[in-house]
Asker: 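Mind having a look at this structure? Questions to follow.
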Amino acid sequence: MLRSTVALLAMLPLCSVAATPPSSAPEPTVREVMTRPLPEQPGKEAMILTVEYPPGGADPVHRHDAHGFVYVLEGRIVMGVAGGQEVTLGPGEAFHEGPADLHTVGRNASGTEPAKFVVFLIKDIGKPAVLPPN
C-alpha cells in the first residue's frame, strides 16, 4: 500500500506538466478589439480579441464559458479541447469551442516564427473572456 501511494505521489508533477504549458513558454499578447451587447440576445455580448503567440508561445489550460471562434491570420497554431483531437491551423483556417469546452491546448506550432489569430466570443455580458479551468 505504501509503495503504491508513494508511486502515485511521485507521478503528480508529471500530470500537472501534461495539463499546462511549460513555465518557460512565452505567454501570448491578447488585445481586446471590440465588445458590443447583443440586444436580440438579452444578457449576451460579442467580443473580438487578437492573440499573438511569440515563437514557442502557449496558453495555460483555461475555459471561456462562451462560443469561441478562432480565425488564423499568420503562422500556424495548435488548438484542442478536452475530449477532442488537437488540430494544427494555418492562415485562413478556423476553430470553434463551445461554452462547456475546456481549452487544453493552445500554442504556436513554431518555435521560430510568431503566429497571430482573431477570436470572436459570444458570451455573458461582463463575464471575463478567459476563466480558470475549474
Side-chain angles (χ1 to χ4, degrees):
M1 174 75 168
L2 182 59
R3 268 191 198 173
S4 61
T5 302
V6 170
L8 285 173
L9 289 174
M11 290 174 54
L12 283 177
L14 297 175
C15 295
S16 64
V17 168
T20 59
S23 60
S24 62
E27 293 187 18
T29 300
V30 179
R31 291 184 179 89
E32 184 175 325
V33 176
M34 175 190 295
T35 300
R36 294 288 185 272
L38 300 172
E40 303 81 11
Q41 295 183 0
K44 298 290 184 183
E45 65 186 3
M47 177 182 275
I48 302 173
L49 307 168
T50 59
V51 180
E52 295 183 50
Y53 283 144
D59 291 322
V61 174
H62 63 277
R63 61 189 176 87
H64 297 286
D65 198 17
H67 281 285
F69 302 88
V70 171
Y71 182 80
V72 181
L73 299 171
E74 301 170 10
R76 297 187 61 76
I77 62 172
V78 181
M79 293 279 145
V81 296
Q85 299 238 336
E86 288 184 18
V87 294
T88 301
L89 306 166
E93 295 183 303
F95 180 79
H96 170 262
E97 59 188 275
D101 287 334
L102 179 63
H103 195 148
T104 54
V105 178
R107 63 180 167 82
N108 189 335
S110 173
T112 59
E113 299 293 325
K116 184 175 184 179
F117 56 97
V118 177
V119 179
F120 301 88
L121 296 170
I122 306 295
K123 63 182 206 56
D124 292 339
I125 290 176
K127 188 173 273 189
V130 179
L131 300 163
N134 48 10

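A quick note: this is a predicted structure, and the numbers were derived from the prediction, not measured.
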Asker: Name all residues meeting the side chain to side chain contact (heavy atoms under 4.5 Å, CB included) criterion together with Gln85; count only those two or more places apart in sequence or in a different chain, and write none if there are none.
Answerer: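 None.
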Asker: Taking side chain as C-beta onward, heavy atoms only, is His103 less than 4.5 Å from His64?
Answerer: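 Of all side-chain heavy-atom pairs linking His64 with His103, at least one is under 4.5 Å.
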Asker: Nearest 0.5 Å, what's the CD-CZ distance between Glu86 and Arg107?
Answerer: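 So the CD of Glu86 and the CZ of Arg107 are separated by 5.5 Å.
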Asker: Scan residues 70-92 for pairs that pass ring-ring contact (aromatic ring centres under 6.0 Å, His included), counting only residues two or more places apart or in two chains.
Answerer: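 ring-ring contact (aromatic ring centres under 6.0 Å, His included) check on residues 70-92 returns no pairs.
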Asker: Ignoring hydrogens, what is the shortest heavy-atom contact between Glu32 and Leu49? Give both atom names and the distance.
Answerer: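 The answer is CA-CD2, 3.7 Å.
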Asker: Gln41: what forms a side chain to side chain contact (heavy atoms under 4.5 Å, CB included) with it, not counting sequence neighbours?
Answerer: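 So Gln41 forms a side chain to side chain contact (heavy atoms under 4.5 Å, CB included) with Leu38, Lys44, Ile122.
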Asker: Same cluster or not: are Leu89 and Val30 linked, directly or through other Ile, Leu, Val, Met, Phe, Trp or Tyr residues, by side-chain heavy atoms under 4.5 angstrom apart?
Answerer: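 In one cluster: yes.
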Asker: Do you know the tightest heavy-atom contact between Met79 and Tyr53?
Answerer: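 That closest heavy-atom pairing would be CE-OH, 3.6 Å.
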Asker: Applying side chain to side chain contact (heavy atoms under 4.5 Å, CB included), name anything that partners Ile125, two or more places apart in sequence or on another chain.
Answerer: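 With neighbours one apart ignored, the set is Pro37, Glu45.
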Asker: List the atom of Gly111, the atom of Pro55, and the distance in Å for their closest heavy-atom pair.
Answerer: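 Closest heavy-atom pair between Gly111 and Pro55: O-CB, 3.2 Å.
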Asker: Counting only N and O atoms by type, is there a donor-acceptor contact under 3.5 Å from the side chain of Asn108 to the main-chain atoms of Glu113?
Answerer: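 Yes, Asn108 side chain to Glu113 backbone: donor-acceptor pair under 3.5 Å.
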Asker: Taking side chain to side chain contact (heavy atoms under 4.5 Å, CB included) as the definition, give me every residue that meets it alongside His96, ordered by chain and number, with sequence neighbours left out.
Answerer: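 Expected list: His67, Phe69.
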Asker: Nearest heavy-atom pair of Val72 and Gly90: which atoms, and what distance?
Answerer: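 Smallest interatomic distance, heavy atoms only, reads CB-O, 3.3 Å.
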Asker: Please check: side-chain N/O of Arg63 versus main-chain N/O of Asn134, any donor-acceptor pairing under 3.5 Å?
Answerer: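 Yes; at least one donor-acceptor contact below 3.5 Å.
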Asker: Kindly work out whether a path of hydrophobic side-chain contacts (I/L/V/M/F/W/Y, heavy atoms less than 4.5 Å apart) joins Met34 to Leu73.
Answerer: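 Cluster IDs for Met34 and Leu73 match.
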Asker: Restricting to non-hydrogen atoms, name the atom on Pro28 and the atom on Val51 that form the minimum distance, rounded to 0.1 Å.
Answerer: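 Closest pair (atom of Pro28, atom of Val51, distance): CB-CG1, 3.8 Å.
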Asker: Supply the atom-to-atom distance Thr104 OG1 to Asp59 CG, rounded to the nearest 0.5 angstrom.
Answerer: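 Thr104 OG1 to Asp59 CG: 11.0 Å, rounded to 0.5 Å.
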Asker: With a cut-off of 3.5 Å and sequence neighbours excluded, list every side-chain donor-acceptor pair involving residues 114-121.
Answerer:
none

